[in-house]
Amino acid sequence: MAVATAADVIRFDQAADVLAAKRQRSWERESKEFSDKDNPDEAWHGYVLPLGNGFMGAAVYGGVAVERIQLNDKTLWSGGPGAKGFSDGNRKETWKSLPEIREAMLKGDLDKVEKMGKERLTGVGTPDDPDGRKTFGLYQTLGELRIETGLGEAVSGYQRQLDLAKAVATVDFAQAGVSYHRQAYCSYPDRVMVVSFSANQAGKQSLKIGLDSPHPLKGRVEGDFWVMNGRHAENGLEIELRVLPVVRGGKLRISEQGIEVEAADEVTMLVAVGTDYANVAPKYRGASPAKELSERLLAAKKRGEPSLLDRHIRDYAALYQRVKLDLGASTAEQLSMPIDQRVAAYSKNRDAELESLYFQFGRYLLISSSRPGSLPANLQGVWCNEIVPAWASDYHLNINLQMNYWLAENCNLSECHEPLMAYLEGLREPGAVTAKEYFGANGWCAHMHSNIWGSTSPTPGNGPMYWKYFPMGGAWTAQHAWEHYAFSGDKKWLASKGYPLLKSVAEFLQDYLYRLPTGELASCPSWSPEHGPASKSAMSDIAIAWDALTNAIAAAKILGVDEDLVKRWQEMKRQLVPFRVGRFGQLQEWYEDIDEENDDHRHINHLYALYPGKQISGLATPELAKAAHVTLTQRGDGATGWSMGWKINFWARMHDGDHAYRLVHELLSQRTMSNLWNSHPPFQIDGNFGGTAGFAEMLVQSHVVTESGQPWLHLLPALPKTWSKGSVKGLRARGGLVVDLTWDQGKLTRAELLATKPVECRVQYEQASKSLKMAAGEKKVIDF
Ligand code: FUC
């Protein structure tokens with residue numbers, strides 16, 4: 001009998017290992033071509049169920065005879081202090097070369113700019129590590145728990161599910177008249193993973209549990225714990241896995257190799273992982289993990305089930321349940337299919353609830369990979385089964401890290417934004433050194449690639465400059481500090497955390513921006529990230545500078561501070577190189593009119609000004625919006641996963657819901673794997689996050705401010721025809737608003753706003769707009 005999948009559930013009817021081709025286990029990627037076939041384990045790549053609490057990640061395979069649970073600790077990286085030849089990568093006194101490079105740029109001597117750029121404006125490698133990769137490091141898997149169950153493979157009624165409403169994975173099946181049940185979750189409040197094996201008959205659990213790991217970990221028994229501990233082979237980071245088994249009935253034996261259980265009724269493993277990493281420059285080391293892990297596990301054991309599970313669900317659901325999205329109902333047939341078949345069928349027939357599930361899965365992934373106290377979500381969130389993951393699974397600061405957080409505020413997960421804020425804070429100190437050495441500038445900056453070791457210098461090596469040199473990486477990321485405030489209206493936070501960051505970015509710009517002979521302030525020379533030659537000014541740099549100055553000015557005014565600086569920043573804004581419309585009507589990506597009409601490159605850097613920036617909008621700058629439209633059309637829809645996520649947001653900002661939806665459809669049909677992870681390819685999580693943010697951007701926008709600086713809320717600005725009937729509850733808008741909307745036949749039928757703080761704003765729907773004043777805690781239904 002077909003089973004209908006409940007709305008918030010991702011259901012497979014088979015184990016990951018059964019669904020994907022079995023391959024020889026290795027931890028190394030197999031090619032550097034970045035395709036779906038690249039991952040050493042296809043079963044992991046697209047078929048596992050991901051769990052996480054921000055600090056640790058786990059991936060559940062669900063094998064019957066052998067259960068595999070792949071484990072991650074967010075701080076487990078190679079490279080950094082402790083790695084041979086490590087340095088901060090900064091080239092000393094580079095600023096001394098800038099005048100000559102700038103002069104060459106002004107003369108149009110691009111060869112000299114590129115050559116001198118590579119010699120002077122890159123980071124420093126070593127003879128042993130010329131491109132700095134070894135010391136930059138890689139995010140790496142900790143390994144995987146291997147649990148042999150002694151069962152045969154033949155089962156009936158197999159189901160492996162991830163319940164997004166609870167953040168709990170389960171595996172169920174029957175064999176020889178016995179129903180088996182497994183349950184796993186990663187608790188944030190208790191910071192442990194809980195994995196349990198049970199059945200509807202006593203004495204059915206005979207398990208052998210061990211760890212496969214690429215790291216030199218050694219096993220030992222320590223009281224009731226099984227411990228695997230060791231040091232990273234390259235940087236000496238201490239790594240530990242600690243397991244506390246709780247067994248009902250049967251026999252338990254712990255050894256160096258692992259845990260053995262015989263004929264138990266139920267087995268629960270409390271699992272904790274950790275390293276001695278600390279996000280504190282310059283050493284990035286803290287306490288040995290053993291003590292804290294032991295304490296956590298003992299506390300969890302004492303708490304026991306069902307309290308552990310209850311605390312986990314309550315903590316998680318408090319975030320997850322804030323938003324509900326209804327985009328229509330799927331058919332009974334669609335609901336009866338397991339997720340891999342639903343995803344495969346989607347390109348031919350729309351599956352309405354798969355779309356809303358995708359949206360909620362993005363929120364699930366952020367809650368699971370970014371919680372206060374943890375490092376931010378990296379290119380794969382917190383999930384990585386390799387030792388050489390694609391792009392080091394690092395923090396790319398030319399869109400990818402930022403995209404991970406586009407959904408944080410509008411999808412009502414502001415708390416999950418905090419790791420990014422803390423990370424930014426941590427970049428300031430190393431970023432100040434980079435600003436000084438490269439530009440003789442105050443404030444701080446960071447370039448294209450960063451990691452958990454505070455890297456802010458440009459990447460070393462001989463590759464093109466556009467892959468390394470991007471002094472606006474920090475400024476772009478700092479936009480998030482402003483947005484964190486704009487949505488919450490929390491002035492205390494702005495004063496203590498947000499404004500100092502925004503101010504130090506503006507101070508960097510004061511010294512960094514270069515006055516061209518025309519009098520314009522430019523980023524010279526610059527390279528549009530990953531695209532095109534050196535320019536007198538890449539317009540993405542200017543768009544970011546415009547936004548950074550706008551945000552610093554707004555913040556200073558709100559706090560009533562730094563009047564003189566505000567005047568200076570306003571003056572700088574007026575002098576920035578203006579956007580230009582080029583020879584085929586496009587918005588120029590560079591100072592020079594060199595865009596190519598047949599270029600479909602995935603990075604559309606200068607449209608930062610459209611999204612996530614706010615400089616260009618149909619309302620305020622119609623001419624530029626028209627040119628942005630030409631550029632978007634020219635670049636086309638085909639793209640990598642994250643780029644499609646960006647394009648959904650672009651078209652939403654263009655108020656073209658049908659085009660935005662076309663990209664939603666493409667993203668789900670072309671760039672979504674069976675377990676709903678985004679595929680670049682390979683797996684890269686930013687497409688999930690950018691896509692989810694895009695859904696919300698199609699329904700509510702609030703980036704434009706009125707003439708008097710109030711939020712201008714726009715309801716259903718980009719509703720596609722396909723989403724003719726639906727509702728959303730709990731989206732957030734700038735100014736501290738929570739928005740609930742219902743629509744039918746493509747028309748808004750109900751809008752309710754909740755003000756979490758006193759707010760004056762304008763609300764727009766189609767051509768009508770209203771001014772509103774609301775007190776804190778007030779709810780209002782708005783009629784149009
Ligand atoms: C940039 C992008 C790639 C990929 C990588 C992580 O290099 O251009 O497409 O997303 O980041």
Side-chain angles (χ1 to χ4, degrees), residues 29 31-36 38-39 45 77 79 122-123 131-133 136-140 362 365 369 376-384 386 388-406 420 446-452 455 458-461 463-470 472-473 476-477 527-532 538 540 544 589 599-608 612 635-650 663 666-667 670-673 677-691 693-694:
R29 26 188 339 98
S31 83
K32 297 272 180 279
E33 294 303 313
F34 301 133
S35 79
D36 272 342
D38 231 19
N39 194 282
H45 192 256
W77 273 67
T122 51
D131 57 10
R133 288 209 187 155
F136 181 86
L138 305 146
Y139 181 52
Q140 298 182 328
L365 289 175
S369 62
N378 60 39
L379 282 171
Q380 295 185 175
V382 60
W383 300 279
C384 170
E386 298 171 83
V388 190
W391 295 289
S393 195
D394 65 12
Y395 297 122
H396 270 52
L397 303 186
N398 64 320
I399 190 156
N400 313 88
L401 174 62
Q402 296 90 341
M403 185 179 278
N404 281 1
Y405 287 90
W406 284 354
L420 185 66
H447 285 263
M448 190 171 286
H449 305 114
S450 196
N451 53 16
I452 70 168
S455 171
T459 314
M465 288 298 288
Y466 60 57
W467 268 330
K468 346 163 157 288
Y469 180 83
F470 178 49
M472 294 294 163
W476 183 337
T477 321
W527 284 264
S528 200
E530 311 198 21
H531 193 212
S540 49
I544 294 165
E589 180 162 353
D599 177 9
D600 61 359
H601 198 272
R602 63 194 179 281
H603 287 267
I604 320 182
N605 301 311
H606 54 315
L607 292 200
Y608 173 98
R635 290 290 180 93
D637 296 339
T640 55
W642 63 261
S643 180
M644 281 188 191
W646 201 358
K647 287 174 182 173
I648 296 173
N649 288 282
F650 282 146
L663 280 145
E666 286 288 289
L667 184 67
Q670 309 289 332
R671 298 286 184 243
T672 297
M673 299 193 284
W677 264 346
N678 175 261
S679 173
H680 176 286
F683 166 46
Q684 198 173 294
I685 208 159
D686 43 12
N688 283 105
F689 292 141

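Remember, it's 1-based here, ligands and their atoms both numbered in the order they're listed. Below, each value reflects all heavy atoms present in this structure, side chains not excepted, and no hydrogens, waters or symmetry copies.
By the criterion of a heavy-atom distance under 4.0 Å, neither the backbone nor the side chain of Asn398 is placed next to ligand 1.
Less than 4.0 angstrom separates some heavy atom of Leu379 from each of these atoms of ligand 1: 6 (C). In summary, the atoms of ligand 1 found under 4.0 Å from a heavy atom of His680, numbered by their order in the structure, are 3 (C), 4 (C), 9 (O), 10 (O). For ligand 1 and Glu530, the ligand atoms under 4.0 Å from any heavy atom of the residue are 1 (C), 2 (C), 7 (O), 8 (O), 11 (O). Close contacts between ligand 1 and Trp642 involve ligand atoms 2 (C), 3 (C), 4 (C), 8 (O), 9 (O), 10 (O) [criterion: under 4.0 Å to a heavy atom].
Relative orientation of the Tyr469 and His447 rings is tilted, given thresholds of 30° and 60° on the angle between their planes. Aromatic ring orientation, Phe683 versus Trp677: parallel (interplanar angle below 30°, classes split at 30° and 60°). Taking the six-membered ring for Trp and thresholds of 30 and 60 degrees, His396 and Trp391 have ring planes more than 60 degrees apart, a perpendicular arrangement.
Remark: the His449 side chain and the Asn451 side chain contain no N/O donor-acceptor pair separated by less than 3.5 Å.
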Can you check side-chain hydrogen bond (donor to acceptor under 3.5 Å, both in side chains) on His531 and Asp599, steps first, answer last? CA-CA 10 Å; His531 193 212; Asp599 177 9; 2.7 Å; yes
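Remark: ligand 1 and Arg602 share an N or O pair separated by less than 3.5 Å (distance only, no angle test). Considering backbone and side-chain atoms together, Trp391 places no N or O closer than 3.5 Å to any N or O of ligand 1.
Rounding to the nearest 0.5 Å gives a distance of 4.0 Å between CD of Gln402 and OG1 of Thr477.
Scanning the protein for heavy atoms near atom 11 (O) of ligand 1, the closest one is His396 CD2, 3.1 Å.
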